[in-house]
S.K.: 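Just dropping this structure here.
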Number of protein chains: 2
Amino acid sequence: MTASRKTRAARARELPGFKTSLPKTRRAQVAEILRKHVLSGKIEPGTQLIESRLSRSLGVSRSSIREAIWELVDQGLLVNRPYAGTFVVSLDEKAMCDLFALRGALERFCFTELWPRRNETFGAEFTNRHEALVAAVEAGDEDKTLAAELHFHSFPYQYADNQALREVWEQLYNRIQLGIAMTRGFTRGSEFVENNRRYLDAALGDDLEAMLREIDRHLQIGVDDVRDLMGADPRTGAQTGAGAAL
Amino acid sequence: MTASRKTRAARARELPGFKTSLPKTRRAQVAEILRKHVLSGKIEPGTQLIESRLSRSLGVSRSSIREAIWELVDQGLLVNRPYAGTFVVSLDEKAMCDLFALRGALERFCFTELWPRRNETFGAEFTNRHEALVAAVEAGDEDKTLAAELHFHSFPYQYADNQALREVWEQLYNRIQLGIAMTRGFTRGSEFVENNRRYLDAALGDDLEAMLREIDRHLQIGVDDVRDLMGADPRTGAQTGAGAAL
DNA sequence: CAGGATTTGTGCGTATGTATA
DNA sequence: ATATACATACGCACAAATCCT
């Protein structure tokens with residue numbers, strides 16, 4: 001009764017964690033929050049996302065929570081069993097290898113497409129992003145490194161003149177990130193920077209075939225890392241991969 | 001058994017037009033209906049899907065309609081502008097060419113993967129699906145032909161041992177079908193059967209490189225058709241493409 | 001550019017279906 | 001088999017934004 005007196009607008013303005021000035025919908029806001037929690041590993045794979053709990057903890061109605069959850073389901077981060085619930089997907093070694101293999105095909109296609117259109121801007125921006133990656137690594141910031149690595153490797157797709165390819169890449173890297181989140185705790189080896197350096201050099205070079213070989217080599221390193229890390233207990237992040245996972 | 005009687009009674013009370021025996025959710029049922037209407041062209045590209053209208057016409061609550069709509073949005077069949085509405089996507093020539101180019105990359109990857117694993121079953125099933133396609137063409141059934149063509153070209157992806165690839169293909173062919181729906185009215189040329197025959201023969205042959213070339217050739221025909229049909233007014237389906245669109 | 005009509009976005013109560021302990 | 005927790009479904013009310021006149 002008295003509670004209902006309080007206007008919805010007022011309640012909305014009070015909600016913690018939400019910028020009221022944003023034109024974004026609640027659905028998008030909640031989806032972003034959930035995506036971060038899933039990708040950062042705060043919500044572990046296999047965990048069920050319970051609408052009523054999330055509704056209370058985030059202070060958002062079940063409707064919005066539900067819509068956000070389905071957005072992540074359609075993105076491949078969650079899986080739904082009708083009338084049973086939605087859970088964070090748990091990727092095994094095979095699934096990760098599949099993702100890397102598919103990414104290889106996409107990336108070879110991507111570079112083949114953009115190769116004749118490269119110009120100074122391409123080289124400058126790609127180099128910029130690589131330098132940002134190096135800076136993040138040297139700062140020892142794990143989260144920033146992950147973001148910078150993503151930003152670096154997303155550039156070819158953004159530069160490619162194919163909207164469908166960009167959309168598939170979006171979906172793909174989300175899942176790859178999820179797999180990486182499952183193997184948290186491993187430290188990037190010193191070869192990590194060098195590997196991405198070789199990748200950049202090949203991308204700026206004049207030999208497309210060499211670039212395609214470099215893509216295969218780069219992703220092979222990622223697959224090897226996955227094999228090492230998935231086989232062992234994720235908690236025992238003792239062994240250090242070469243760190244070219246993304 | 002009293003419980004089962006009550007359940008049956010409840011199911012008997014359910015809305016007509018829905019198969020009560022299926023455990024499928026309303027979301028899935030509505031999504032399927034809408035998908036059919038969009039892909040068949042009953043709902044033309046650019047049309048806004050109004051939740052309240054669909055709610056009344058289908059006899060389903062607005063919540064379920066909303067969820068189904070968002071499923072199609074995430075599938076790339078609809079596009080949403082916050083607070084403005086969701087509309088059937090309208091693909092232009094460039095978008096279609098992008099889709100075909102991406103499909104080419106996926107299909108080359110697909111065949112490269114499955115090539116060493118082909119066996120008698122592969123050849124038998126692929127041949128079966130091709131014969132079903134030929135039968136549909138000879139029967140003059142447009143809808144059945146489209147379905148058979150899809151079934152035929154989906155087989156390599158189903159045979160490939162890569163779940164991620166299959167999922168991307170699902171999303172891709174939905175959108176390609178949408179593009180085809182936009183160019184309805186054109187009749188498949190006599191070369192259509194022959195083109196798919198060549199495709200099948202290459203897939204059953206021993207030369208992977210020849211198969212990859214065949215993929216490029218096959219999709220190039222599709223792109224040519226799109227260029228012809230998109231440039232002209234879709235209503236004037238006078239000119240007949242070679243008909244290898246899918 | 002004002003303002004009303006239309007539609008989407010959000011919240012909430014409630015009833016029912018389903019899975020699971 | 002029962003009970004419980006949860007997902008799903010429906011209906012309404014209202015807020016927020018867009019669209020149109």
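Lettering follows sequence order; numbering is per chain, from 1. The shown structure was predicted, so the numbers you read here are calculated from the model rather than taken from an experiment.
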S.K.: May I ask you to decide if A:H151's main-chain N or O and A:R129's side chain share a donor-acceptor pair within less than 3.5 Å?
M.R.: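 Yes, A:R129 side chain to A:H151 backbone: donor-acceptor pair under 3.5 Å.
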S.K.: Of the nucleotides D:dC19, C:dG9, C:dT10, which one has an atom closest to the side chain of A:R26?
M.R.: C:dT10
S.K.: Heavy atoms from C-beta onward define the side chain here; which of D:dC6, C:dT10, C:dT8 lies closest to that of A:R27?
M.R.: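 Output: C:dT10.
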S.K.: What integer distance in Å separates A:K24:NZ from D:dA16:P?
M.R.: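 So the NZ-P distance, A:K24 to D:dA16, works out to 19 Å.
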S.K.: What about B:S61, does its side chain sit under 3.5 Å from the base of D:dG11 through a donor-acceptor pair?
M.R.: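 Flag unset: no donor-acceptor pair detected.
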S.K.: NA contact type, A:S64, heavy-atom cut-off 4.0 Å: base, sugar-phosphate, or nothing?
M.R.: sugar-phosphate
S.K.: Return the nearest nucleotide to the side chain of B:Q48; candidates are C:dT8, C:dG9, D:dA7.
M.R.: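 Between C:dT8, C:dG9, D:dA7, the one nearest the side chain of B:Q48 would be C:dT8.
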S.K.: For the pair made of OH in B:Y83 and P in C:dT8, what is the distance, rounded to whole Å?
M.R.: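 Going from OH in B:Y83 over to P in C:dT8 covers 12 Å.
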S.K.: Report yes if a side-chain nitrogen or oxygen of A:N80 is closer than 4.0 Å to either non-bridging phosphate oxygen (OP1 or OP2) of D:dT8; otherwise report no.
M.R.: yes
S.K.: Regarding A:L49, tell me which of base, sugar-phosphate or nothing describes its non-hydrogen contacts under 4.0 Å with the strands shown.
M.R.: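 Result for A:L49 = sugar-phosphate.
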S.K.: Can you tell me if the side-chain N/O atoms of A:R53 get under 4.0 Å from OP1 or OP2 in D:dC6?
M.R.: yes
S.K.: Nearest to the A:R81 side chain among C:dA19, C:dG11, D:dA16, which nucleotide is it?
M.R.: C:dA19
S.K.: Is A:R62 touching bases, backbone alone, or none of the nucleic acid, heavy atoms closer than 4.0 Å?
M.R.: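 Here A:R62 touches the bases of the nucleic acid.
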S.K.: Atom CD1 of B:I69 to atom P of C:dT7: distance rounded to whole Å?
M.R.: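 Taking CD1 of B:I69 and P of C:dT7, I get 13 Å after rounding.
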S.K.: Is it the case that over 12 heavy atoms from other parts of the model lie below 6.0 angstrom from the NZ atom of B:K94?
M.R.: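 Enclosed: over 12 neighbouring heavy atoms sit under 6.0 Å from NZ of B:K94.
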S.K.: Can you tell me how far P of D:dA16 sits from CD of A:Q29, to the nearest Å?
M.R.: 13 Å
S.K.: To the side chain of A:E51, which of D:dC10, D:dT8, C:dG9 is closest?
M.R.: D:dT8
S.K.: Measure the distance from CG on B:L54 to P on D:dC10 and round it to the nearest whole Å.
M.R.: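 Going from B:L54 (CG) to D:dC10 (P), I get 14 Å.
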S.K.: Answer yes or no: is there a donor N or O on one side and an acceptor on the other, between the side chain of B:R26 and the main chain of B:S63, under 3.5 Å?
M.R.: no
S.K.: Would you tabulate the side-chain donor-acceptor contacts of residues 68-82 of chain A under 3.5 Å, counting partners in other chains and residues two or more places apart, or write 'none'?
M.R.:
{"residue": "A:E71", "atom": "OE1", "partner": "A:R27", "partner atom": "NE", "Å": "2.8"}
{"residue": "A:E71", "atom": "OE1", "partner": "A:R27", "partner atom": "NH2", "Å": "3.4"}
{"residue": "A:Q75", "atom": "OE1", "partner": "A:R35", "partner atom": "NH1", "Å": "2.4"}

S.K.: Could you state the CZ-C1' distance from B:F87 to D:dT18, rounded to the nearest angstrom?
M.R.: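 Computing the B:F87:CZ to D:dT18:C1' distance gives 10 Å.
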S.K.: For A:L78 and D:dA7, what is the distance between atoms CG and P respectively, to the nearest whole Å?
M.R.: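 The distance from CG of A:L78 to P of D:dA7 comes to 12 Å, rounded to the nearest Å.
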S.K.: Considering only side-chain heavy atoms of A:R66, which listed nucleotide, C:dT8, D:dT8, D:dG11, is closest?
M.R.: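 Nearest nucleotide to the side chain: D:dT8.
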S.K.: Could you tell me whether the side chain of A:E51 and the main chain of A:I65 form a donor-acceptor pair under 3.5 Å?
M.R.: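 Such a contact is absent between A:E51 side chain and A:I65 backbone.
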S.K.: Nearest-Å distance, CH2 (B:W70) to C1' (C:dT10)?
M.R.: 13 Å
